[in-house]
Amino acid sequence: MTPSPPAPVEAVFFDVGETLISENEIYGRWADWLDVPRHTFLTRLGAFLATGGTAMDAFRHFRPGFDLDREEKLRAEAGVPNGFGASDLYPDARACLAALRAQGLFVGIAGNQPFAAVEQIAALDLPADVVGISAAWGVEKPDPEFFARCARLADVPAERILYVGDRVDNDVLPALAFGMQAAFLRRGPWGHIQSGDPALAEATYVLDDLTTLSSLLARA
């Protein structure tokens, strides 16, 4: 029996880190702060992520007892605050969001981010209908309530929403479990580490960048 095609998409939500925002320089600036060569830090970070660890494991590897809140405060006081800006935006991000809105789609940005990201994203003035940050919502992926919040904001059925992200475990699988469609973006550490995951056979789309997304949805 031939599976039925996915429902037409009416809303698209985007993750933040490594979907719209490149984290390469963000981690590079952390390496500078920790006085560790950038390539050394990034190599160690990738090794931790590939074996189920997190960025905090990399921080604590180079600075035992690392306290993120304390270090962020010290960085702010030193005039090199943590976070992202226009230079960290992926080159294809703004054009993709604008093209989708021009097609009449609801465009949202929703990811696991700290409170500071609310102002940082607002400063980018991206063409989006809504911005949702986990710290402000009080719920984060992969909790189903995170995706339920997206659906309520878009006010369309879950099966007509596409969630775009760079992680299988945090983006693709929970979005699909909620009844949404999902696009896996193969970039950034997680995007490459998880690019061979068999679960990607369930993804609606697997992308190498955002340049083709609007045309894919237009054809669909």
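Sequential numbering from 1 along the given sequence is applied to the chain's residues. The analysis underlying the following values was restricted to heavy atoms, covering all of them including side chains, and did not include hydrogens, waters or symmetry mates. What you are looking at is a predicted structure, and each value in this text was computed from that prediction instead of being measured.
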Has Thr40 got a side-chain atom pairing as donor or acceptor with Val36's backbone, closer than 3.5 angstrom? no
Verify the cluster assignment for Val9 and Phe178: are they in a single hydrophobic cluster under the rule of side-chain heavy atoms below 4.5 Å apart? no
dist Lys73:NZ -> Leu68:CG (nearest 0.5 Å) comes out at 14.0 Å
May I ask you to test the Leu74-Trp33 pair for a side-chain heavy-atom distance under 4.5 Å? yes
A side-chain contact here means heavy atoms from C-beta on lying under 4.5 Å apart; do Asp129 and Arg101 qualify? yes
Is it the case that atom CZ in Arg70 sees more than 12 heavy atoms from other parts of the structure closer than 6.0 Å? no
Take the angle between the ring planes of Phe48 and His61 and call it parallel below 30°, perpendicular above 60°, tilted in between. perpendicular
When hydrophobic residues are tied together by side-chain contacts of less than 4.5 Å, even through go-betweens, does Ile26 share a cluster with Leu20? yes
Salt bridge between Arg29 and Asp88, side-chain N to carboxylate O under 4.0 Å? yes
How long is the span from the CZ atom in Arg187 to the OG1 atom in Thr19, to the nearest 0.5 Å? 7.0 Å
Would a line drawn from the ring center of Tyr163 to the ring center of Phe147 be shorter than 6.0 Å? yes
Do Phe14 and Ile161 sit in one hydrophobic cluster, given that two such residues count as connected whenever their side-chain heavy atoms are within less than 4.5 Å of each other, even indirectly? no
Check: Leu89 and Leu126 side chains under 4.5 Å, non-hydrogen atoms: yes
Report yes if some heavy atom in the side chain of Ser214 is under 4.5 Å from a heavy atom in the side chain of Gln103; otherwise report no. yes
Treat each ILVMFWY residue as a node, draw an edge where side-chain heavy atoms are under 4.5 Å apart, and state whether Met180 and Val168 are in one component. no
Distance, nearest 0.5 Å, that separates CZ of Phe84 from CD1 of Ile121: 4.5 Å
Quick one: pull up CZ in Phe41 and CG in Asp35 and give me the separation to the nearest 0.5 Å. 13.0 Å
Looking at Asp171 and Asp166, would you say the former's side chain and the latter's main chain have a donor-acceptor pair under 3.5 Å? yes
We want to know whether Tyr90 and Glu18 form a side-chain donor-acceptor pair, criterion being a heavy-atom distance below 3.5 angstrom. yes
Side chain proximity check, Leu213 to Val164, heavy atoms < 4.5 angstrom: yes
Determine whether a donor-acceptor pair (N or O, by modelled atom type, separation under 3.5 Å) exists between the side chain of Arg149 and the backbone of Val139. no
Plane angle bin for Phe59 and Tyr27 - parallel if under 30°, tilted between 30 and 60°, otherwise perpendicular: tilted
Closest heavy-atom pair and its distance - Arg160, Ala7: CG-CB, 4.0 Å
Just checking Glu77: does its CD atom have more than 12 heavy atoms from other residues, nucleotides or ligands closer to it than 6.0 angstrom? yes
When you check the gap from the basic side-chain N to the acidic O, do Arg44 and Asp57 get nearer than 4.0 Å? no
Side chain to side chain contact (heavy atoms under 4.5 Å, CB included), that's the test. Do Glu71 and Arg63 meet it? Break it down for me. CA-CA 11 Å; Glu71 295 296 335; Arg63 183 168 291 178; 3.1 Å; yes
Linked, directly or transitively: Leu207 and Leu105 (ILVMFWY side chains, under 4.5 Å): yes
Stepwise, does the side chain to side chain contact (heavy atoms under 4.5 Å, CB included) test hold for Ser195 with Trp190? CA-CA 8 Å; Ser195 63; Trp190 283 111; over 6 Å; no
Residue pair Tyr205 / Pro6, side-chain heavy-atom distance below 4.5 Å: no
What is the ring orientation for Phe106 with Phe13, classed by angle as parallel under 30°, tilted 30 to 60°, or perpendicular over 60°? tilted
Do Thr211 and Asp209 meet the criterion of a side-chain donor-acceptor pair at a distance under 3.5 Å? yes
Any Phe66 side-chain heavy atom under 4.5 Å of Leu34 side chain: yes
Distance col, row Ile109:CD1 vs Leu124:CG, nearest 0.5 angstrom, shows 8.0 Å
Would you mind checking if Asp15 and Arg167 are paired as a salt bridge, meaning a charged N to carboxylate O distance below 4.0 Å? no
Do Arg75's NZ or CZ and the ring of Trp30 fall within the cation-pi criteria of under 6.0 Å and 45°? yes
With heavy-atom distances below 4.5 Å as the criterion, would you say the side chains of Val172 and Glu202 are in contact? no
Nearest 0.5 Å, please: how far is CZ in Arg38 from CG in Asp32? 4.0 Å
Using modelled atom types and a 3.5 Å cut-off, is there a donor and acceptor pairing between side-chain atoms of Ser134 and backbone atoms of Gln113? yes
